[in-house]
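To keep things clear, I will list the structure first and then write my remarks on it.
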2 protein chains.
Amino acid sequence: MKSYHQYCSVARALDVVGDRWVLLIVRELLAFGPSRYSDLKRGLPGIASNLLAERLRTMEADGLVERRDAPAPIGTQVYELTERGRELEDVLRALIRWGVSTMTTGPSEDDAVQPQWSALLAGLTLSGRSSADAETILGIETGSETVRVALRHDGFEIERGPHAEADVTLSGPALLVGGLLSGRLTITEATGLGLEVAGRAEVLSNLLVDPVDGERARTGATP
Amino acid sequence: MKSYHQYCSVARALDVVGDRWVLLIVRELLAFGPSRYSDLKRGLPGIASNLLAERLRTMEADGLVERRDAPAPIGTQVYELTERGRELEDVLRALIRWGVSTMTTGPSEDDAVQPQWSALLAGLTLSGRSSADAETILGIETGSETVRVALRHDGFEIERGPHAEADVTLSGPALLVGGLLSGRLTITEATGLGLEVAGRAEVLSNLLVDPVDGERARTGATP
DNA sequence: CCGGATCCGGGTTGATACTG
DNA sequence: CAGTATCAACCCGGATCCGG
C-alpha cells in the first residue's frame with residue numbers, strides 16, 4: 001500500500017500496519033508466539049498464499065517480525081514478533097475491546113470460528129488478574145477446536161489442543177464464550193444460554209473480578 | 001473492502017475501520033469535532049474526493065459518523081462522530097503511541113505537516129493532567145499553520161488558528177514538537193534543538209508531569 | 001506435507017476533470 | 001462548496017504449479 005505521506009503518528013503507524021491482513025498476522029503471532037508459515041495460514045482463513053508470503057516479507061523489512069530457524073523438532077523456519085511487533089499489543093487490545101462490543105450476534109454462515117481468537121481476548125484483557133505467581137489454565141472449545149490459555153499476572157500463553165488439563169474449561173458457541181469473557185454476560189446468563197463450564201467454576205468468577213474498582217463481577221445473583 | 005469473514009473481534013473491527021483512510025477520517029473528526037466536507041479534505045491531503053465521499057457514506061452506514069445540518073453560520077452540513085465513532089479514541093491513542101515512537105526523524109520532502117496532528121497527540125495523551133477544573137490552552141505552530149488545544153481534566157478541544165491566547169505556545173519543527181509532547185525530548189533538549197516556547201513555560205512542565213507515578217518529567221536538569 | 005511462486009480476472013484506488 | 005464521472009494502474013483473492 002502506498003504511504004499516506006503525512007507527518008502524523010497515526011498515518012505513520014498505518015503506513016506500516018494499515019495493509020490488509022497485517023494486524024491479523026500480528027494477532028496470530030501474539031496468540032501463539034513463533035509460528036510456521038502453514039500455522040499462520042491456518043489461523044488466517046481466506047488469505048491468499050501469495051499475500052501471506054508478501055506480507056511476511058514486508059513485515060520483516062519493517063521490523064515487525066523475524067524469521068528464525070525453528071528450535072528443535074521442526075525442520076523449517078518460524079516467524080516471530082520482534083519487540084516492536086509485540087508493542088502492537090495495545091493496538092490489538094483496543095481493537096478487541098471496540099470490536100467485541102459489536103459482536104452481539106453469532107457468526108454468520110460463512111464466518112470462520114477459531115478458539116484462539118477468544119483465547120487472545122482472554123489473554124489480553126484478563127491476564128494480570130491472578131495473584132502474583134499463580135497461574136490459571138483456561139480451556140476454550142469453540143467450533144470443534146480446542147485451545148488452552150495460561151493466564152499469569154505478567155502475561156499469557158496460548159497453545160492448541162488440550163495439552164495440560166485446565167482449571168476451568170468453556171465450551172459452546174463463540175458468541176457466549178466471548179460474551180462471558182468480555183463481561184457482557186454473567187456466568188449464569190451464559191450457562192443459561194447454553195455455555196458449558198467444566199472444572200472449578202470459582203476460578204472463573206475470580207478471573208472475571210474487575211480489579212480496577214475491586215468489585216466482583218456480576219455472577220447473575222444480582223442482575 | 002471485503003469482510004474477513006472471521007468471527008473474531010479484531011477482524012470485525014477491521015471490517016469496519018480497516019479500509020484505507022477510515023481511521024484518518026476519524027482522526028480529523030476526533031481532533032476538530034463536527035467538520036464540513038472541505039474541512040476534512042483539507043486535513044487529509046492526498047485523499048481523492050470520490051474516496052472521501054464514499055468513505056463517509058460507508059462510515060455513516062456503519063454508524064461511525066452522522067451527517068447533520070450545520071448549527072448556525074454555515075449553510076451546509078457537517079459530519080460528526082457518533083458515540084460509537086468516538087469510542088475509537090482508544091484505538092487512535094494506541095496507534096499514536098506506537099507510531100510516535102518511530103518518528104525520530106523529521107518529515108520527508110513530500111510529507112504533509114499539519115499542527116492538529118501534534119495537537120491530537122497532546123489531547124489524547126496529556127488531557128486529564130490538569131487539576132480538576134483548570135484548563136490549559138496550548139498553542140502549536142508547525143508548518144506555517146497554527147492550532148490551539150484546550151486541555152481539560154476530562155477531555156480536550158482543538159481549534160484552528162490562534163483564536164484565544166494560549167498559556168504556552170510551541171513553534172518549530174514538528175519533529176521537536178512531537179518529541180517533546182511524547183516525552184522523548186526534554187524541554188531543554190527541544191529548545192536546544194530549535195523549538196521555541198513562548199508564554200508560561202511552567203505550565204508546560206506541569207503538563208509533562210507523569211501523573212502515574214507522580215514523578216516530574218525530565219526537564220533536562222537531570223538527564 | 002511444507003513454503004512458497006506464478007498467473008489471471010475482477011475489484012479498489014487515486015488523479016483528473018467536471019457539475020449542480 | 002460538495003460532491004460525481006471517468007479511467008488507468010494497482011491490489012486482492014483464487015487457483016495452480018513447483019522444488020524440497
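In what follows, every chain begins at residue 1, and chains take the letters A, B, ... in the order their sequences are listed. If you're wondering where the values come from, they're calculated on a predicted model, not measured in any experiment.
- Side-chain N/O atoms of S49(B) and base N/O atoms of dA2(D) include no donor-acceptor pair closer than 3.5 Å.
- Looking at residues 56-65 of chain A, you'll see that no heavy atom sits under 4.0 Å from any atom of DNA chain D.
- We find that CD of Q77(B) is positioned 8 Å from P of dA2(D), with the value rounded to whole Å.
- Counting heavy-atom neighbours within 6.0 Å of E83(A) CD, excluding the residue itself, gives a total above 12.
- In this structure, the CG atom of L51(B) is 17 Å from the P atom of dA17(C), given to the nearest Å.
- For DNA chain C, the residues of residues 11-24 of chain B within the heavy-atom distance limit of 4.0 Å (strictly under) are R20(B), W21(B), sorted by number.
- Here E80(A) does not pair with R67(A) in a salt bridge; the nearest charged N to carboxylate O distance is not below 4.0 Å.
- OP1 or OP2 of dC12(D) lies within a sub-4.0 Å distance of a side-chain N or O belonging to R55(A).
- Residue T76(B) places at least one side-chain N or O under 4.0 Å from the OP1 or OP2 atom of dA2(D).
- Both Y79(A) and K2(A) lie close to DNA chain C; mapped to their nearest nucleotides by heavy-atom distance, the more 5′-ward contact belongs to Y79(A).
- In the set dG13(D), dA5(C), dC2(C), the nucleotide with an atom closest to the side chain of S38(A) is dC2(C).
- The side chain of A53(A) sits closest to dG4(C) out of dG4(C), dC12(D), dA2(D).
- Between R12(A) and D111(B), at least one side-chain N (NZ, or NE/NH1/NH2) sits under 4.0 Å from a carboxylate O, which counts as a salt bridge.
- Between R97(B) and E87(A) there is no salt bridge, since no side-chain N of the basic residue sits under 4.0 Å from a carboxylate O of the acidic one.
- Cation-pi contact between R20(A) and Y4(B): present, with separation from the ring centre below 6.0 Å and deviation from the ring axis of at most 45°.
- In this structure, R84(B) is positioned above the aromatic face of W98(A), its NZ or CZ under 6.0 Å from the six-membered ring centre and within 45° of the axis.
- In this structure, the nucleotide among dT16(C), dA2(D), dG3(C) sitting nearest to the side chain of Y37(A) is dG3(C).
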Mind listing the N/O atom pairs, protein and nucleotides 8-10 of chain C, below 3.5 Å?
none

